[in-house]
Amino acid sequence: MTTVTMGKALNLALHDSLERDDRVLIFGEDVGKLGGVFRVTDGLQDEFGQRRVFDTPLAEATIAAAALGLAMKGFRPVAEMQFDAFSYPSFQQVTSNIAKYHTRTLGAVNMQLVIRIPYGGNIGAIEQHSESPETYYAHTAGLKVVTPATPADAYAMLCAAIADPDPVIFLEPKARYWMRQDVDLPMAPAELHRARVAREGADATIVAYGPTVQTALAAAETAQGEGISLEVIDLRSLSPLDMDTIAASVRKTKRAVVVHEAPVFMGMGAEIAARLMHDLFDVLAAPVERVGNATVPYPPSRVEKLFLPDADRILEAVDRTREY
Amino acid sequence: MTTVTMGKALNLALHDSLERDDRVLIFGEDVGKLGGVFRVTDGLQDEFGQRRVFDTPLAEATIAAAALGLAMKGFRPVAEMQFDAFSYPSFQQVTSNIAKYHTRTLGAVNMQLVIRIPYGGNIGAIEQHSESPETYYAHTAGLKVVTPATPADAYAMLCAAIADPDPVIFLEPKARYWMRQDVDLPMAPAELHRARVAREGADATIVAYGPTVQTALAAAETAQGEGISLEVIDLRSLSPLDMDTIAASVRKTKRAVVVHEAPVFMGMGAEIAARLMHDLFDVLAAPVERVGNATVPYPPSRVEKLFLPDADRILEAVDRTREY
Amino acid sequence: MADAIGTRAGRETERQHSLAAMLDENGVLTAEAERAAGVSNEQLRELYRMMVICRRLDQEGLNLQRQGELGLWGPYAGHEAAQVGAALAMAPTDWIFPYYRDFAMAVCRGIDPGGILGVFRGLAHGSWNPYEHRFAPFIIPVGTQIPHAVGFAMGCALDNEETSVLVGFGEGATSTGDWHEAMNFASVFHAPVVFLCENNQWAISVPMRQQVGGRIADRAAGYGFPGVRVDGTDVLSVYTIVREAANRARRGEGPALIEALSYRMQPHTTSDDPTRYRTDADVEPWRQRDPITRCAERLRARDAYDDDLARAATEEGDERAAAMRRAVTSAPVPHPGVVFDLVYANPPEALLREKAEFVAALETEGDA
Amino acid sequence: MADAIGTRAGRETERQHSLAAMLDENGVLTAEAERAAGVSNEQLRELYRMMVICRRLDQEGLNLQRQGELGLWGPYAGHEAAQVGAALAMAPTDWIFPYYRDFAMAVCRGIDPGGILGVFRGLAHGSWNPYEHRFAPFIIPVGTQIPHAVGFAMGCALDNEETSVLVGFGEGATSTGDWHEAMNFASVFHAPVVFLCENNQWAISVPMRQQVGGRIADRAAGYGFPGVRVDGTDVLSVYTIVREAANRARRGEGPALIEALSYRMQPHTTSDDPTRYRTDADVEPWRQRDPITRCAERLRARDAYDDDLARAATEEGDERAAAMRRAVTSAPVPHPGVVFDLVYANPPEALLREKAEFVAALETEGDA
Ligand SMILES: Cc1ncc(C[n+]2csc(CCOP(=O)(O)OP(=O)(O)O)c2C)c(N)n1
Ligand SMILES: Cc1ncc(C[n+]2csc(CCOP(=O)(O)OP(=O)(O)O)c2C)c(N)n1
Ligand SMILES: [Mg+2]
Ligand SMILES: [Mg+2]
């Protein structure tokens with residue numbers, strides 16, 4: 001048992017994957033000597049050399065495209081996009097090629113690659129460093145989109161993503177890089193698309209993922225003090241969604257709140273709410289509530305907290321479902 | 001009263017806008033001599049000259065970025081992306097700059113520009129020519145996203161989009177370019193974000209937009225023969241949504257089906273269904289149904305019809321809401 | 001290649017000249033370079049033969065489209081020398097990353113043309129196994145295959161293979177950001193790539209001068225590797241210069257850019273109407289530079305041309321065209337369920353369920 | 001400019017030389033070019049003065065960040081000659097499209113530095129009105145401002161204005177697709193753009209040789225316009241060459257690329273730790289080439305330096321730094337409702353309602 005931060009857990013997952021499989025490569029901007037702006041690749045170039053861990057020119061489209069070419073050559077590239085908004089230059093390569101190459105080659109070529117993207121806000125950053133781009137990727141068929149909420153999952157899911165033969169968009173909740181947890185490493189790779197009941201409860205279900213899981217748990221803790229028992233689901237996988245696990249919870253609690261940092265409009269909450277209200281139309285005691293950003297560009301950092309989901313906003317939404 | 005196709009209506013809207021406002025510019029790939037691969041810009045370069053209607057190099061990111069720069073200089077650029085999937089190279093420029101420039105300049109600079117994108121399938125095309133990218137744009141705060149379903153709206157909405165001081169993603173349902181309608185031109189510009197009741201009915205509401213409005217109307221016609229009265233809403237605006245108009249209809253019919261070509265997963269239907277079931281939780285007699293593509297890359301054209309919404313699939317969804 | 005991918009030890013100035021010096025001011029192989037290259041009469045006859053066959057297949061593609069058997073056809077007439085010359089110049093162990101118009105390259109790589117036409121018939125989004133032919137799929141989003149080739153070539157270098165990678169694209173593609181990023185990556189990682197620009201002077205209706213600032217071949221120098229403009233209607237020149245560029249790359253001497261100047265003799269695709277933007281007089285000079293005629297002249301000059309060669313090639317072209325027609329017109333429409341099967345190597349349960357529902361719904365409709 | 005935007009009548013070969021010929025092999029203005037340029041002592045003293053002031057403001061930015069008053073600071077020490085030289089070389093009627101590090105340019109354009117710091121304090125995403133200062137906003141996504149400048153310059157040409165447009169970017173930005181697309185557009189449309197690459201040899205931790213294949217200035221030739229590498233630590237050279245490039249552009253002679261070679265003396269930003277990737281010995285040689293010292297030497301050589309100049313500049317720097325500190329530390333946090341107000345010029349009803357609900361909820365919370 002050791003205590004690791006999420007950043008360190010990701011670092012160890014990369015390390016162990018490099019060690020386990022000599023086809024694994026890591027590249028991106030500043031992942032070499034610097035070890036990444038968040039130090040997630042710290043020490044890896046030193047240990048595995050510049051042929052397996054290397055910096056690239058500043059060109060995200062070609063970082064993604066090179067991952068495609070290297071995957072085709074039988075490598076297992078793990079490419080880093082430095083921040084959420086800086087994955088957008090690769091959008092065409094990801095959407096039109098990476099997501100479609102397996103289809104286009106009638107299954108002959110696997111896109112066994114991972115694109116790691118630190119995402120989300122709440123770190124007091126300047127513009128373009130706090131976006132939540134999951135809708136863009138989740139809506140793109142042919143990708144798998146996952147995001148861990150804990151150090152243990154960060155490790156197990158990243159190992160699983162690297163071992164998976166399909167292209168995985170691996171969203172890392174950057175505000176949680178410093179979150180700590182006691183873990184027994186190495187762990188077995190996770191099942192990639194299985195949601196997790198992060199806390200059991202009876203009165204309502206909070207569906208969260210990535211950075212908002214901890215927020216949801218804090219809200220549940222507060223609620224507990226008020227005699228309200230909240231179940232918290234950590235989605236882990238955004239595409240596909242594990243609707244079975246979510247629905248099982250909501251079948252029990254009859255109330256649900258979906259929480260994310262992305263704007264509510266066309267966010268993951270839309271899909272989850274639509275599915276829940278469709279599939280559990282007669283079960284639900286109240287409409288599914290959604291908590292997320294307003295329909296605005298990510299706000300300046302001095303006011304960001306007012307736009308981000310916090311325990312209060314989550315509990316207000318819970319109240320709305322309970323008082324319905 | 002003249003009969004025009006949607007393609008011609010768009011052409012006339014561009015023509016009249018060029019004539020009305022000498023700051024309007026039209027550019028993109030093949031919009032000049034060729035008049036666009038769909039002939040939407042036919043004859044405009046001849047009439048208005050190469051300084052106002054011009055071809056660009058093959059570079060969509062910079063087509064969008066040049067539109068930004070020209071808008072800042074006080075022009076009203078109308079840029080064309082040749083096909084849906086070929087708008088993806090401009091994704092960073094649209095998402096990180098065009099959608100955010102007004103904010104970034106504290107309101108000093110207007111992004112009065114239009115990006116025209118022919119979209120949707122059902123034309124027997126090869127890969128990348130049949131995509132429905134509306135989710136990507138609609139989720140991006142700072143843009144306005146609209147799509148006409150008729151020649152009259154095509155004219156009135158494009159004029160309105162060009163006159164609007166904000167960036168408008170103008171999605172043109174390419175399978176409907178050849179659809180005809182009698183119209184009285186010129187018409188007044190439309191109110192950009194107001195949905196339209198395309199057909200009145202009592203038993204269920206079909207919410208459609210762009211290419212699926214005609215399909216929905218055909219379904220309603222068939223249903224009529226079976227004694228079922230369907231109301232059809234033509235959204236026109238995807239961001240923002242005119243929830244008032246949709247909700248007013250569903251309040252009456254108590255049943256709704258949302259129809260689009262994009263995959264159901266994280267499609268516009270998710271947002272609409274989530275909103276309807278939230279806002280009309282006690283009104284709805286059945287869960288909102290969604291009809292759209294499966295969670296697959298757009299299929300090869302010989303099988304595309306099986307994946308596209310057609311009257312049968314819409315009516316089956318209506319049946320599900322009626323038999324619930 | 002001790003530390004990083006690729007080395008850039010031997011910088012390129014003199015080697016640049018080794019490619020450039022092979023060509024005269026018209027981009028045609030100099031007599032001296034021709035001698036040094038030692039392309040045999042047999043090889044030149046083979047180039048001729050493949051060009052004749054490929055032209056015939058192009059014609060058949062056009063016919064099939066006009067007869068409604070294909071949704072679309074993108075004719076490559078005018079590109080035969082560039083495509084056949086380049087494809088045959090690459091070693092069988094080399095890889096080719098084509099663009100959508102590189103049909104003749106695919107044929108040279110032994111890919112079944114009837115199968116390819118399935119893509120233009122709308123049966124599937126691809127037809128061949130890239131690993132079998134060392135030939136990547138056709139890519140439609142312009143320019144995006146260029147960095148794929150660079151990534152793949154980086155992998156070849158990492159594996160210490162003596163493999164070079166050819167990537168084909170039009171002059172329109174050089175306007176894309178992806179082209180530039182790929183050129184720069186290739187230089188920085190010293191990747192064994194041959195960039196082949198098939199400059200046919202048109203991107204649909206946009207002529208070269210509205211597309212390209214400066215001269216494409218000149219741009220390579222800015223990336224620190226050689227670039228040449230070759231006469232793209234002379235198959236011997238294309239073949240020889242691409243072979244040399246591929247040899248260089250295979251020897252670890254880094255990338256090169258070859259701009260093969262030719263002309264698009266036909267519409268962009270069957271959906272296009274070139275009368276709107278060019279005249280027959282624009283095209284006419286290029287009819288005089290027909291790649292097949294020019295190759296025949298070269299053969300005659302070597303006394304290596306005979307009517308049998310032409311006759312046999314024509315016959316083989318007819319036969320292959322007929323076989324292609326048979327193959328594509330008799331190809332079954334795949335079951336739509338296949339669309340689901342091809343998305344992932346390891347499909348998630350949710351998609352398997354979606355497929356099951358989709359297929360069940362289809363069958364219900366079929367029954368009804 | 002009869003027909004299309006821009007003309008490319010006079011092609012550039014001899015004019016290319018007119019820029020290149022101004023510089024010696026080290027990128028320093030030749031004695032002859034210096035004479036021809038006729039930059040007065042007064043002008044050179046003004047360049048000196050602004051560099052001293054801007055360096056002081058940079059230091060204050062760093063201090064403010066360390067004291068927790070700013071979320072982030074991106075120091076530009078080492079860039080003073082490039083930024084001040086370029087900004088003052090542009091006519092007041094010209095436009096500047098900066099990148100995030102071009103703070104000194106903003107100061108030269110008269111923009112309130114305290115206001116700008118609001119961005120780094122997280123108060124807002126911008127601070128000045130671009131039209132007031134002919135100065136576009138700082139852009140964070142690397143390279144994306146480059147085609148904005150080209151689009152704007154196309155507009156200047158369309159309006160038949162005699163305006164040139166400067167765009168600033170780092171050498172890392174030259175790796176982006178946007179850089180290339182913009183270079184090509186500028187050439188094709190003959191746009192009056194001066195591309196200024198502030199090559200500080202690092203993109204965060206990535207050194208130039210892992211970033212750039214070839215030489216940046218050399219790339220301009222491939223687009224058919226002039227490119228030069230200037231000594232980016234010599235403000236007189238930068239000023240003179242940028243002024244000439246801007247004059248050319250304003251005269252309708254098209255774009256030019258200027259690579260100003262200098263060095264990033266400080267961390268990339270205050271979040272960076274350069275000890276992980278470079279040593280003090282790497283930086284040392286560039287301390288010897290300090291832009292301010294070099295300018296002082298030039299002034300001395302002209303007998304135009306005096307201690308009063310330095311003293312007055314230092315004092316003014318201190319005053320402006322203090323004012324900047326006061327301004328930013330006393331700036332109020334804007335009401336969050338403003339976030340909604342800035343999204344659109346013509347906000348749709350749906351957003352107005354959302355704002356009303358948001359504000360109401362805030363007030364309820366405030367009450368509770
Ligand atoms: C990114 C992108 N934008 C636009 C298109 C539409 N399009 C298809 S081919 C073409 C012209 C390409 O010209 P070029 O690269 O010269 O190749 P050619 O077709 O002439 O062989 C265009 C604009 C596309 N396929 N991809
Ligand atoms: C598209 C994009 N990718 C990545 C980043 C993160 N990033 C910010 S600055 C920078 C390095 C830029 O280097 P350069 O262009 O040389 O400018 P410098 O910072 O050295 O002045 C990087 C990678 C970004 N801002 N935008
Ligand atoms: Mg071409
Ligand atoms: Mg730099």
Side-chain angles (χ1 to χ4, degrees), chain A residues 28-39 42-43 45-46 50 54-63 65 82-90 92-93 123-131 263-265 293-307 310 312-313 316, chain D residues 71-72 74 100 118-126 138-144 170-179 203-207 210-213 268-269 271-274 276-278 333-340 342-343 348 350-351 354-355 357-358 361-362 364-365 368:
Chain A
E29 295 154 15
D30 305 293
V31 300
K33 275 196 184 164
L34 185 62
V37 294
F38 292 108
R39 304 297 182 265
D42 189 26
Q45 185 177 72
D46 259 2
Q50 289 179 48
F54 54 90
D55 289 331
T56 65
L58 205 168
E60 287 82 3
T62 290
I63 291 172
Q82 200 160 77
F83 281 88
D84 27 69
F86 308 141
S87 71
Y88 302 156
S90 67
Q92 170 174 237
Q93 284 291 353
I123 61 160
I126 53 173
E127 227 195 324
Q128 323 289 352
H129 290 71
S130 301
E131 308 245 318
V264 167
F265 191 79
N293 199 356
T295 315
V296 296
Y298 195 86
S301 62
R302 288 280 164 134
V303 296
E304 69 183 333
K305 291 229 178 334
L306 299 171
F307 291 80
D310 59 11
D312 280 353
R313 283 180 65 204
E316 278 160 30
Chain D
L72 186 82
Y100 49 80
V119 174
F120 295 98
R121 193 176 170 88
L123 299 175
H125 292 317
F138 287 162
I139 299 291
I140 292 168
V142 167
T144 63
E171 86 293 346
T174 67
S175 297
T176 65
D178 282 14
W179 176 80
I204 310 186
S205 73
V206 181
Q210 281 173 251
Q211 183 73 251
V212 180
H268 171 70
T269 65
S271 304
D272 184 29
D273 174 9
R276 299 179 67 100
Y277 55 81
R278 73 184 192 188
V333 177
H335 187 278
V338 172
V339 170
F340 294 85
L342 294 180
V343 186
L351 188 66
E354 218 184 319
K355 178 187 171 185
E357 283 165 26
F358 181 92
L362 271 190
T364 320
E365 277 172 41

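Below, chains carry the letters A, B, ... as their sequence lines are ordered, and counting in each starts from 1. No hydrogens, no waters, no symmetry mates; every other heavy atom, side chains included, goes into these values.
When side chains are defined from C-beta on, D:His268 does not count as touching A:Val37, because their heavy atoms never get closer than 4.5 Å. Counting heavy atoms from C-beta on, the side chains of A:Asp55 and D:Ser205 come closer than 4.5 Å. In this structure, the side chains of A:Gln128 and D:Thr144 stay at 4.5 Å or more apart for every pair of heavy atoms. Inter-residue side-chain proximity for A:Glu60 and D:Val142 is flagged as unmet; no heavy-atom pair is nearer than 4.5 Å.
If you tally non-hydrogen atom pairs under 4.5 Å between each of D:Gly177, D:Gly143, D:Pro141 and chain A, the highest count goes to D:Pro141. In terms of non-hydrogen atom pairs under 4.5 Å with chain A, the most contact-rich of D:Gly118, D:Ala124, D:Ala350, D:Pro336 is D:Pro336. Listed options D:Glu357, D:His125, D:His335 were ranked by heavy-atom pairs under 4.5 angstrom with chain A; first place goes to D:His125. Of the listed residues (D:Gly172, D:Gly71, D:Ala361), the one with the most heavy-atom contacts under 4.5 Å to chain A is D:Gly172. With respect to chain D, the highest number of heavy-atom pairs below 4.5 Å among A:Pro297, A:Ala59, A:Ala294 belongs to A:Ala294.
Contacts of D:Asp178 with chain A are absent, with no heavy-atom separation under 4.5 Å from either backbone or side chain. Only the side chain of D:Leu72 comes within less than 4.5 Å of a heavy atom in chain A; its backbone stays farther off. Heavy atoms of A:Tyr298 lying under 4.5 Å from chain D belong exclusively to its backbone. For D:Leu351, the part lying under 4.5 angstrom from a heavy atom of chain A is the side chain only. With a 4.5 Å cut-off on non-hydrogen atoms, A:Gln45 does not touch chain D at all. Neither the backbone nor the side chain of D:Pro274 comes within contact range of chain A; no heavy atom of the residue lies under 4.5 Å from a heavy atom of that chain. Both the backbone and the side chain of D:Val206 come within less than 4.5 Å of a heavy atom in chain A.
Partners of D:Phe340 according to the ring-ring contact (aromatic ring centres under 6.0 Å, His included) rule, which considers only residues two or more places apart in sequence or in another chain, are A:Phe307, D:Phe358. With sequence neighbours excluded, the residues that form a salt bridge (charged side-chain N to carboxylate O under 4.0 Å, His left out) with D:Lys355 are D:Asp341.
Across all their heavy atoms, A:Pro57 and D:Gln211 have their closest contact at CA-OE1, 3.2 Å. Shortest non-hydrogen contact noted between A:Asp30 and D:Ala203 is OD1-O, 3.4 Å. Of all heavy-atom pairs between D:Ile140 and A:Ile126, the closest is CD1-CD1, 3.5 Å. Nearest heavy-atom pair across D:Arg121 and A:Ser301 is O-OG, 4.2 Å. Closest approach of D:Pro334 to A:Val303, counting heavy atoms only: O-CG1, 3.8 Å. Nearest heavy atom pair, residue D:Val333 against residue A:Arg302, reads CG1-CB, 4.1 Å.
With hydrogens and angles ignored, the 3.5 Å screen pairs a side-chain donor or acceptor of D:Glu354 with a backbone N or O of A:Thr295.
If you take CG on A:Leu58 and OG1 on D:Thr174, they are separated by 9.0 Å, rounding to the nearest 0.5 Å. Separating the NZ atom in A:Lys33 from the CD atom in D:Gln210 is a distance of 8.0 Å, to the nearest 0.5 Å.
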